[in-house]
There are 2 protein chains.
Amino acid sequence: MGAGRPRAFDVDEALDRALEVFWRQGYEGTALSDLTAAMGISRPSLYAAYGNKEALFRKVLDRYLDGPGGYLRQALLAPTARAVAEELLRGAIRATTAEGRPRGCLVVQSALATGEDAAPVRRHVRAHRRASQAALRERLERARAEGDLPPDADTAALARYLWTTVYGLSVQAAGGAAREDLERVAELALSTWPS
Amino acid sequence: MGAGRPRAFDVDEALDRALEVFWRQGYEGTALSDLTAAMGISRPSLYAAYGNKEALFRKVLDRYLDGPGGYLRQALLAPTARAVAEELLRGAIRATTAEGRPRGCLVVQSALATGEDAAPVRRHVRAHRRASQAALRERLERARAEGDLPPDADTAALARYLWTTVYGLSVQAAGGAAREDLERVAELALSTWPS
DNA sequence: GAAGTACTATACCGATCGGTACGAAACGAG
DNA sequence: CTCGTTTCGTACCGATCGGTATAGTACTTC
């Protein structure tokens, strides 16, 4: 039994091209013809390798989180709550205003409001946002337990506040805001941090 | 010369139905069939009354800003910079979490990332966001001139910070966050305000 | 080399997209 | 009642949507 004709493209590399398109145009704004053109493969190859448009998007989202959108994971490793907050905001700014990459955050702008057909995708990215918020809250709870935050700190509210700022920064970045301007915003946002 | 057959629907009322759909589904996620179904009119009636999909969206956006999205205009009238900031955030929360209305902000979620066809719409809402930011900055400059803000206050950064928070709150609201939770976020955001 | 297998490109599918032609219907003016 | 005008519903337009059938091609194994 032979092993078949080898794939003529790199699956992960093509995934990066698809990421770029979904990131820039959103889920509903991206047609299969946009994807195949950017990925340099034919439609049947796309379906064979990734399933369908929705499945491809989910794979793209996973790859985004392992790559340019991985600033949360990075930030959670910081030693103090304050450092976590700083890393999160600075990482978000870096990711949403990187040179040669689409502006903004895939998780925010790819499927924030959609028609009925894309509702599963909308719920998927929403679930991811919620999970990220919960992960940050848990990290802040640990920080509180370690005496790194005041005993009466509202970790849920702080996590929500930080993510609210990240989302806002992402919208600003999508609108073309300059990186230095966003860094000033992050400074202001952090100046409210409990010490 | 006669006056012709009278229109069988109310133009503004139908516009409100269209607003609801664009607000919930975004520009690209909304099909003409969604619009005509919600507005209770036929396709040619829509084109005769509003132009085309893009022109209808622009009319919808104007109506949004005169209605549920009019919290900026309201906030700018507040007597002090601090009151303007409070009004802006509380107004945004009210608008993005109103009962019986779509969650989130039309200006944020209707065309944040789009395909090429919807690029004019994306630029249009982006231009509106920028104008709103400029209007707030001018209001804060006046406040500074009136001694309402410290002489060295960075009004541009403060305006950007406030709008960043509004955008973030809008994303949170679109994701289903509870109003009370967002009010806690707004409190935190305002605690950094210069006095 | 033959057989079996997995990928490739072309060409196509029904459905839906945004937009419109057309004739009937409902009005005011004469 | 007729005419000019405007809106109405139906039925349609070409283009594009997401997704697939089919047949050929490139590879490994025997």
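Throughout, a chain's letter reflects where its sequence line sits, starting with A, and its residues are numbered from 1.
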Within residues 26-36 of chain A: residues closer than 4.0 Å to DNA chain D (heavy atoms)
A/T30, A/A31, A/L32, A/S33
Rounded to whole Å, please give me the gap between CZ in A/F57 and P in D/dG19.
14 Å
A/T165 vs A/L169, test: side-chain contact (heavy atoms from CB on, under 4.5 Å). Steps then yes/no.
CA-CA 6 Å; A/T165 305; A/L169 288 170; 4.1 Å; yes
Parallel, tilted or perpendicular: which describes the rings of B/F9 and B/Y50, with under 30° parallel and over 60° perpendicular?
tilted
In whole angstrom, what separates B/L56's CG from C/dG18's C1'?
13 Å
Taken to the nearest whole Å, OH/B/Y47 to C1'/C/dC22 is 17 Å
Taking A/Q109 for its side chain and A/W23 for its backbone only, find out whether a donor-acceptor pair lies under 3.5 Å.
yes
In the 5'-to-3' direction, what one-character label does each nucleotide of nucleotides 7-15 of chain D receive under the scheme B = base within less than 4.0 Å of a protein heavy atom, S = sugar-phosphate only, - = no such atom?
BSBB-----
Counting distance only, does the side-chain N/O of A/K53 pair as donor-acceptor with the main-chain N or O of A/Y27 below 3.5 Å?
yes
Worked verdict on B/S191 versus A/T192 for side-chain hydrogen bond (donor to acceptor under 3.5 Å, both in side chains)
CA-CA 6 Å; B/S191 65; A/T192 191; 2.3 Å; yes
Among A/L76, A/D148, A/D154, A/T155, find the one that has a side chain to side chain contact (heavy atoms under 4.5 Å, CB included) with A/L140.
A/T155
Compare side-chain N and O positions of A/N52 against OP1 and OP2 of D/dG19 and report whether any pair is under 4.0 Å apart.
yes
Centroid-centroid under 6.0 Å between B/F57 and B/F22 rings
yes
Taking B/E87 for its side chain and B/Y71 for its backbone only, find out whether a donor-acceptor pair lies under 3.5 Å.
no
Atom OH of B/Y50 and atom C1' of C/dG19 are separated, to the nearest Å, by 17 Å
